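Notes follow once the structure below has been shown.
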Protein chains: 4
Amino acid sequence: MTSIPHPDFRAARFASAPDARFVPAPADGVLPEDFFSTTNLPTYVRVRGEWRMPRDPRMDSALLIDRDGVLWVREMRRVRAGDLIAVGKKEDGSEGIYVSTEAAGGHGDGEFKFMASEVSREKPVDYAHLARLLVEQRERGGYIVWVTGPALVHSRARADMTWFIMNGFVSALLAGNAVAVHDIEASIFGTTLGMTGSGESTVGGHGLHMRAINKVRAAGSIERAVEAGVVTDGIMHACVKKRVPYVLCGSIRDDGPLPGVYTDTAAAQDAMKAHTTRATMAVMIATALHAIATGNMLPAFVAEPDGTLREMPTICVDSAEFVVSKLKDRGTHQAFGVVTNAQDFMHILRLFVERELDGRDTTLTSARPAVVAQ
Amino acid sequence: MTSIPHPDFRAARFASAPDARFVPAPADGVLPEDFFSTTNLPTYVRVRGEWRMPRDPRMDSALLIDRDGVLWVREMRRVRAGDLIAVGKKEDGSEGIYVSTEAAGGHGDGEFKFMASEVSREKPVDYAHLARLLVEQRERGGYIVWVTGPALVHSRARADMTWFIMNGFVSALLAGNAVAVHDIEASIFGTTLGMTGSGESTVGGHGLHMRAINKVRAAGSIERAVEAGVVTDGIMHACVKKRVPYVLCGSIRDDGPLPGVYTDTAAAQDAMKAHTTRATMAVMIATALHAIATGNMLPAFVAEPDGTLREMPTICVDSAEFVVSKLKDRGTHQAFGVVTNAQDFMHILRLFVERELDGRDTTLTSARPAVVAQ
Amino acid sequence: MTSIPHPDFRAARFASAPDARFVPAPADGVLPEDFFSTTNLPTYVRVRGEWRMPRDPRMDSALLIDRDGVLWVREMRRVRAGDLIAVGKKEDGSEGIYVSTEAAGGHGDGEFKFMASEVSREKPVDYAHLARLLVEQRERGGYIVWVTGPALVHSRARADMTWFIMNGFVSALLAGNAVAVHDIEASIFGTTLGMTGSGESTVGGHGLHMRAINKVRAAGSIERAVEAGVVTDGIMHACVKKRVPYVLCGSIRDDGPLPGVYTDTAAAQDAMKAHTTRATMAVMIATALHAIATGNMLPAFVAEPDGTLREMPTICVDSAEFVVSKLKDRGTHQAFGVVTNAQDFMHILRLFVERELDGRDTTLTSARPAVVAQ
Amino acid sequence: MTSIPHPDFRAARFASAPDARFVPAPADGVLPEDFFSTTNLPTYVRVRGEWRMPRDPRMDSALLIDRDGVLWVREMRRVRAGDLIAVGKKEDGSEGIYVSTEAAGGHGDGEFKFMASEVSREKPVDYAHLARLLVEQRERGGYIVWVTGPALVHSRARADMTWFIMNGFVSALLAGNAVAVHDIEASIFGTTLGMTGSGESTVGGHGLHMRAINKVRAAGSIERAVEAGVVTDGIMHACVKKRVPYVLCGSIRDDGPLPGVYTDTAAAQDAMKAHTTRATMAVMIATALHAIATGNMLPAFVAEPDGTLREMPTICVDSAEFVVSKLKDRGTHQAFGVVTNAQDFMHILRLFVERELDGRDTTLTSARPAVVAQ
């Protein structure tokens, strides 16, 4: 039960402060313009030179002084026409009202705030900003490492991920056996884990991912399965066609695995690190295991060729605040969290990247980077 | 520890079944085409007329018979070239292999399946289907009731929700005080709960929603605040302009409240029910309280003018499986759950509705419904 | 928009049904005893031999017939003294009221129900039943496989897990490098990931798990670290002391790893399977990766020595419904889900096991199993 | 892409720093005692008077200098016996190694840390501390306001909540209609929402909560239903018997409602505030609506009779990080979050309170407060 000290009102800033100003409410349940809006923190109001605390403190209300000179915190709906209400927006005492942020815990940066948590589904996502980041990275020859979980393949996001690979936004893909298995299952059978693209079960569906694995093992490698026409579209197909390097890391959940999967986790880490050391941006989608593993290896900063440093742009997308917070709690503090469904994220991000490219196209005319045509 | 009976193999279907067929594996770690893919359920293999259970049962593996005639479940990676592997895709005994679904609990509909749960972020969302539903409802004069939480306003979804109202897809809006407060805060101050559209805090931001409420209370009603030019865009503005009826229900969390909010919850229920009784479709977004309240009043069916019944299309969108499952657990079994971020849902849904309208436009040429022009 | 057929009221069960019975409400807002409580499904009421649907259908309300013979669904609070209200609890028509469950989707087992979803934090957990299962398994020499994530070690559950190992309730422990690392960090430094048992950070804390790993690598193995007195308590210490076999599976997230960790995921799977094939019960706590990996290998049933089969008791504990549902969606349908914090689960489970043992102790007196004394 | 400045190494603290010290690794894959454990932040190592950045930066690794004098960040497993490894635990340059926390975002308090997020299911809960708080509050005549959602009644927590009321730990109970409805349903019918205490459905169960409401409405009030023997145990029964004041706030989800429920939300707020203004501690369990509503009215501090201030102890319990974070994001920054199942929380908290009381009993002998005997 932490004790909260009262301010020392002998300090210069308080000594020179004016009395708080009170103005009559214009109507029942209506406050004067510029009313002071309260918080739940200790609040001091200067009345005739004296700093006093109002009764019934609570947030989102007004400060009222009654006929007896008693100060109250009063809800808007309970205010009557003519009641004297404090006005002012400053909380630092300079208008006669002081809010102590000592009790605000880690948020004591001088102001009471809503929405202070770092990771929340309620925070808006600035897709235009993300799109600009990606396009700039591509233009300046950055190295964008994508880290993805199978949710991307279970859903319609597969087409969007393929689009990002085909259009030069993916420098390396770090994933597990399951991403490749379900992507290839989708190419061969049109299902993922036996579920169709619209979420229906298929007869015998539970065996389809095993049949997909078996076909690639029979071909000898993913590359040969692509060449042989066994795998004709999707994420792995795009990686092979565009020669985008990928690392498929093994896990104890794996069926098969597919040829090329690193079953040794130390070897897999070495293969991942060959890409994280080159990374200038990281995008992590719908995977706790691979995101945290990559976060373990990823510097929080990029060293530019000229020796300057800047923060590593690191995006982490998941349906749950928990995964993003966990990534941060494992030391990847620089991660910017997006709390949403991976399928929807991919679709909107692609849309905004296309708009960003269109915008550049019309304004920069001749300077359109050749890579867009890929 | 429920006991699971063995099948009665004297039954006709088993008596007439053939022996299982075994085929050599073509290479190390590769299975023959059409291998039987195992489940974790009790499995019986007919060998020389006898139904036998294999050793080491597990899912996602193959059935192998060794030189001594012993049956094994064996992982693909452990199979050697020439090993005899069972083939067949039927699990009903008709190809000599029988999988007992007695142990599969409520899923005992004769087949082992993945992805059997009803509500999951891993289920794909068929936005085209949802868009078609909305457009058809509008065309046939349906009554689409929208139920929304403030997440829709905290984020960029506000513009998309406004678009749906302006374009005739919203017959009634059921929400709480907070939806209108933050929508109006956004119109007047450009923030929601003091946070800008890109997620930044503003100085003095915690009081802005109170100032927004106060301005509307001073105007007398939301309608008058729109007429007076205090509120110039957004959801409530669109409702007023398009004369879309809305019900703002009070709750104990409310600041203000805004004029027009039903502070009496029984009166609010009556006002809501005036719309649920007319509903032919319901869309519930990012609110447990209002979704379950509406679900309580909403029939699971629509009675057509001709007396036939059909299921009430009911969409429930939330970031968490829990809210959708809870709605179902409170009796709204017909709800189709979409597990995603409300902002992203609205944006993609609008995109698909625009595409659906474009498609109809080009194919139906002259028959374009006048309402589209709104 | 699925169509719902009306029942065929010429069928015998309807033909022989009585008219519904109506009784006056005893007071305003009060219903007669045995009032019929409505659902949101299509409902038919027999009035003078005719089956009719009431107006304003909704759940949790009463059936009222007005003076004009019109049937209404009416909320309790809107009923007035003397209003004629239908009574009866049967929904099958036998008391003159029929509820069609055709529209109830997969729940069409003849009754409208709340709380039908399988996995929910709202479902009560019968700890006494779980405790009995564990004690019985120990008494009959069952093979209880525990699968645990590091949440068990980050928190106070470590002491409880140690207790279960020391008291003979753990036949094998399947986990990852991190469980052992943080358990050993706790033994040597009193922290997990540098956080104390009460959740405080320590100076230099981020390196402590690396120092713990280094000490065990210097000792050569976990066993030797225990013998050398480097590791003096906790989960791994208990496994070594009680000779409980454990499998530590490698993953790409691993630091170190500790000696004895299977870095090859195929080898790790083989080591896990040596235990899953013997399992007669499985307990999975706070791990998606290891739970699903184990689920992949675990039969849904146990074959008793006498050839009979019974369902494999499989408990899955996680903070999120999603993990439990995902385990089921990957085919482990038999899993019983407990949605709670791992720390709290372990503590209460231990409490109930202790009570169960006490109960047996007093009633069975001399028959107390020797193993309890361990 | 925020730029991160290099430190000014001309500053006194750097000028006086020693070179980093390197020590040979004792064996392959083993580091020297006191090795420096790396972070993902910009790191500078003083070698022959010069501050240099190592190659391949990543966290959880060692600093190695090779024969050519090149600095590397190297994983423990890749170190060979005799490799020269930096030692030291200080990150402030005083041992020749400096870690720049400029890039650590809001966590730039001079140290890289794990587990920095405020609300996480991975944080341990100090039940002993919470128990002590409650017991002390009771002893000193504090006013403990409990705010609860229906999860407390759906589950076995009902008995524990009743215990807290009966034993003097609840000064006021703030809840909704549903809490009282299901508590009374449990008393009369032994079910909640028609589900038994072990989670089974009952025939006709969906109507039982309506029958419970009807019985109380027929009795006239909860108090009279208790007196008449209609309600014989549970939470409301305990409140009536112990004269603990309660506020039941109406919502649009309510069935009935029960007599005494405030259907007007403004009146409900006034009734709640009568208790929040007296509160010296708040416990909020499994309710977003009521917790945030209470948080809106609750000061973040307690003014002691002697004029000193201290932080208001505010506990918020929920299964999801989101609810706790949302409470904080609505301004109740002082809330301490416990992420767990409400049923388990209540059970363990009671256990620890009983232990705390036992402990006081034996140590304080004669000074046992009379109130314990209740």
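All values below come from the heavy atoms of this structure, side chains included, with hydrogens, waters and symmetry mates left out. As the structure is a prediction and not an experimental result, all values here were calculated from the model.
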Would you indicate whether the side-chain heavy atoms of [Y] and [X] approach each other to under 4.5 Å?
X: I348(D); Y: I348(C); value: yes
X: Y127(D); Y: H347(C); value: no
X: M210(D); Y: M59(C); value: no

Exercise. How many angstroms lie between atom CG of L31(D) and atom CZ of R211(C), to the nearest 0.5 angstrom?
Worked result: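 Taking CG in L31(D) and CZ in R211(C), the distance rounds to 9.0 Å.
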Would you find a donor on one side and an acceptor on the other, under 3.5 Å apart, between the side chain of [X] and the backbone of [Y]?
X: R77(D); Y: P257(C); answer: no
X: N214(D); Y: V30(C); answer: no
X: R217(C); Y: M76(D); answer: no

Exercise. Checking heavy atoms, do the side chain of D254(C), its backbone, both or neither come under 4.5 Å from chain D?
Worked result: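 Answer is neither: D254(C) stays 4.5 Å or more from chain D.
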For this session: Check each atom of A218(C) against the heavy atoms of chain D and say whether the ones under 4.5 Å are side chain, backbone, both or neither.
Result: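 Both the backbone and the side chain of A218(C) come within 4.5 Å of chain D.
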Problem set entry | Top contributor to chain D contacts, counting heavy-atom pairs under 4.5 Å, from D60(C), T340(C), V338(C) |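 When all of D60(C), T340(C), V338(C) are compared, D60(C) has the most.
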Most chain C-contacting option - heavy-atom pairs closer than 4.5 Å, from [options]:
options: D126(D), D255(D), L351(D); result: D255(D)
options: G194(D), P32(D), G256(D); result: G256(D)
options: E75(D), K90(D), H209(D); result: H209(D)
options: A128(D), A27(D), A62(D), G29(D); result: G29(D)

Exercise. For R58(D), is it the side chain, the backbone, both, or neither that has a heavy atom closer than 4.5 Å to a heavy atom of chain C?
Worked result: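 The answer is the side chain of R58(D).
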Exercise. Where on L208(D) is there a heavy atom nearer than 4.5 Å to chain C: the side chain, the backbone, both, or neither?
Worked result: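 Looking at L208(D), nothing touches chain C.
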Problem set entry | Heavy-atom pair with the smallest gap, counting every atom of G207(C) and S37(D) |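 The pair with the smallest heavy-atom distance is CA-OG, 3.7 Å.
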Exercise. Between K215(D) and E33(C), is there a side-chain N and carboxylate O pair less than 4.0 Å apart?
Worked result: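 Looking at K215(D) and E33(C), the cut-off is met.
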